[in-house]
Amino acid sequence: MTVRRFNSFAWENVPVLSYKEGGPYKDVTRQVLFEGEDSLPAQWRYFEVAPGGHSTLERHQHIHYVMILRGRGACLVGDAITDIAEHDLVEIRPMQWHQFRAAADAPLGFLCVVATERDRPQLPNTDDLAALRQNAKVADFIRA
Ligand code: MN
């Protein structure tokens with residue numbers, strides 16, 4: 001199908017899936033908009049974090065290109081915590097810790113492009129968490 005119509009942050013014939021990338025997360029859904037193919041080996045996904053929810057705190061070698069499509073919240077990328085809202089762009093470089101949180105009173109929906117062939121996300125171990133928590137603002141932000 002050439003055109004899949006948009007309706008309430010879902011698209012025709014695109015199933016709304018559980019997030020299930022592993023690790024602790026809260027109230028996140030996933031939709032795969034385009035699966036990619038040999039000539040464009042990338043997946044284009046839409047994630048939505050419900051108000052008060054968060055994605056998994058993780059890192060990996062592959063990169064993410066993100067555009068916020070709905071609502072607002074904040075993200076940790078590396079050691080920077082930034083408020084984000086509709087149409088902001090977020091780039092996540094290799095091995096940067098990252099986590100998205102929706103505002104308490106708004107969802108956070110975002111488009112995310114990722115390579116089809118990619119390494120598995122790493123979750124923080126005890127030492128990683130201790131290092132992250134050296135920064136008081138990061139300690140306050142992360143959910144792990
Ligand atoms: Mn990631």
Side-chain angles (χ1 to χ4, degrees), residues 4 6-144:
R4 286 174 282 164
F6 172 86
N7 181 18
S8 302
F9 294 91
W11 289 264
E12 279 180 308
N13 298 313
V14 177
V16 178
L17 308 169
S18 64
Y19 174 53
K20 67 179 182 191
E21 280 189 6
Y25 61 89
K26 182 171 180 283
D27 299 332
V28 187
T29 58
R30 174 172 61 98
Q31 298 177 65
V32 178
L33 307 179
F34 294 100
E35 282 283 6
E37 55 194 280
D38 287 349
S39 62
L40 184 54
Q43 261 193 353
W44 196 2
R45 302 92 50 87
Y46 176 74
F47 294 96
E48 194 166 298
V49 184
H54 60 84
S55 66
T56 304
L57 173 61
E58 62 178 31
R59 67 179 178 182
H60 36 66
Q61 287 293 341
H62 62 272
I63 66 173
H64 291 313
Y65 292 157
V66 169
M67 178 187 275
I68 310 307
L69 194 65
R70 180 184 200 184
R72 57 194 153 73
C75 63
L76 169 75
V77 179
D79 59 4
I81 297 158
T82 310
D83 287 338
I84 45 178
E86 287 171 12
H87 309 146
D88 287 342
L89 298 172
V90 182
E91 181 172 3
I92 298 162
R93 302 301 308 171
M95 299 309 280
Q96 285 188 308
W97 291 111
H98 54 283
Q99 185 165 46
F100 289 86
R101 286 181 56 187
D105 59 349
L108 180 69
F110 56 93
L111 299 164
C112 178
V113 179
V114 73
T116 308
E117 297 263 331
R118 56 188 183 271
D119 59 320
R120 293 191 69 79
Q122 300 173 15
L123 304 181
N125 63 28
T126 307
D127 289 346
D128 295 327
L129 284 173
L132 284 160
R133 287 177 174 140
Q134 295 281 313
N135 179 322
K137 286 180 183 164
V138 173
D140 188 54
F141 182 83
I142 59 176
R143 300 288 181 268

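First listed ligand is number 1; within each ligand, the first listed atom is number 1. Sequential numbering from 1 along the given sequence is applied to the chain's residues. Keep in mind that this is a model prediction, so the values were computed, not measured.
For R143 (side chain) and F141 (main-chain N/O), a donor-acceptor pair under 3.5 Å exists by modelled atom type.
Among the atoms of H64, an N, O or S atom falls under 2.8 Å from the Mn ion (ligand 1). Not a single N, O or S atom of C112, from either the backbone or the side chain, sits less than 2.8 Å from the Mn ion (ligand 1).
Figure legend: R70 and Y46 shown without cation-pi pairing, the cationic atom not lying both under 6.0 angstrom from the six-membered ring centre and within 45 degrees of its axis.
Every residue two or more places apart in sequence or in another chain that forms a side chain to side chain contact (heavy atoms under 4.5 Å, CB included) with M67 is listed here: L89. Remark: F9 engages F6 in a ring pair (Phe, Tyr, Trp, His ring centres under 6.0 Å) (not counting sequence neighbours).
The name of the N, O or S atom in E58 nearest to the Mn ion (ligand 1) is OE2. Looking only at N/O/S atoms, H98 comes nearest to the Mn ion (ligand 1) through NE2.
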